[in-house]
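Data block below; observations after.
Note that ligands are numbered from 1 as they come in the structure, with each ligand's atoms numbered from 1 the same way. Computed over heavy atoms, backbone and side chain alike; hydrogens, waters and symmetry mates excluded. By convention here, the first residue in the shown sequence is residue 1.
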Amino acid sequence: MIRDDVGLASVRRRVGRLPKNLESSGALDIAKKLGSISGGRVLDVGTGQGGFIDTLMNTLKDYESFVGIDNGDSHDSVKGMRDGRAHFMGKPVEFLWMDGKGMGFEDGSFDTVCISYGLHHLEDVDAVLTDMRRVLRPGGRFIIQELYCEGDKTEAQRVDRLQHEWCTVIDNLLGMTHNKAFTRQRLLDFASYLGLKDLEVFDSDRPMDCLFCEMNQLCEDPRNQAEFYDLMGRIDETHDRIKDYPDPEVRDRIKEEGEVIKKAIAGSGSAASSYLFMVGTG
Ligand SMILES: C[S@@+](CC[C@H](N)C(=O)[O-])C[C@H]1O[C@@H](n2cnc3c(N)ncnc32)[C@H](O)[C@@H]1O
């Protein structure tokens, strides 16, 4: 459940006690920007289990309601949406199974539209962005948050990127669209394609969630056993997804690559990729 003691107010109380590299990571600037925005009726495209809705609830100045849409039909996606519904029970959040391309909403029916870590999952990025622009009311906010590929500042980030690329190969074998991270310039091009007014671009190498987390980055420490075993387990689970793939050579090659990534995590830890956060007015 969302607790009342998390949120931008609690971050403000903790600023100064945040680890230095988190304080200077850019994540705080993004959270402050969100803290100046009244979200109104918010649409989150490619919502998964609503992780970004949680972040927005913690950071937006205020909001009326959220609609999260996702069209994933795998077991994990269906479970993710069910978990999201349970997590936000009693909050003004609705989850809909819907494609971001050709959405069944009226023109201009949202005050804020967003997509977080979703662009590289889309089969047709331009079509989804165009439809998001259509359902945004004139003067509303368009928010894009997305990782990019050339922003590694640490070995831990490089390891995370390799793991992500390894996952894209597995998803592609299973017929799912999952691209490697785009370049930073490509993300800027997507935003300029939308022709937003007053576009603001923020760079960060720390997820905003870190601001609300009491772990203070222990999770990046390879000696942090809980995080380490969790990551190892996730790599095994990801590999298991291709257990029925017909070509054993492909399965074995991918398993070996997974073992190399496990060793790299054991040595350097793993830290989320750098990302761009862009907000403009429609
Ligand atoms: C990495 S997840 C996003 C996670 C979430 N937004 C967050 O920030 O925690 C990307 C999601 O995009 C969804 N997706 C991919 N193509 C889509 C489309 N055309 N319409 C709606 N959702 C889509 C996938 O099913 C997946 O759940």
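For Lys153, the salt bridge (charged side-chain N to carboxylate O under 4.0 Å, His left out) criterion is met by Asp205, not counting sequence neighbours. Residues satisfying the salt bridge (charged side-chain N to carboxylate O under 4.0 Å, His left out) criterion with Asp209, sequence neighbours excluded, are absent altogether.
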Donor-acceptor contacts under 3.5 Å from residues 95-105 side chains, at least two apart:
| from | atom 1 | to | atom 2 | distance (Å) |
| --- | --- | --- | --- | --- |
| Trp97 | NE1 | Gly72 | O | 3.0 |
| Asp99 | OD1 | Lys101 | N | 2.9 |

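The protein residues lying under 4.0 angstrom from ligand 1, judged by non-hydrogen atoms, are Gly46, Thr47, Gly48, Gly51, Phe52, Asp70, Asn71, Gly72, Met98, Asp99, Gly100, Ser116, Tyr117, His121, Leu122.
Look at Arg184 and Glu150 and you find no salt bridge, because none of the NZ, NE, NH1 or NH2 atoms lies under 4.0 Å from a carboxylate O.
Annotation: cation-pi pair Arg251/Tyr245 absent, no NZ/CZ under 6.0 Å from the ring centroid and within 45° of its normal.
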Quiz prompt | From CA spacing to verdict: side-chain hydrogen bond (donor to acceptor under 3.5 Å, both in side chains), His120, Asn179 | solution = CA-CA 5 Å; His120 69 286; Asn179 295 305; over 6 Å; no

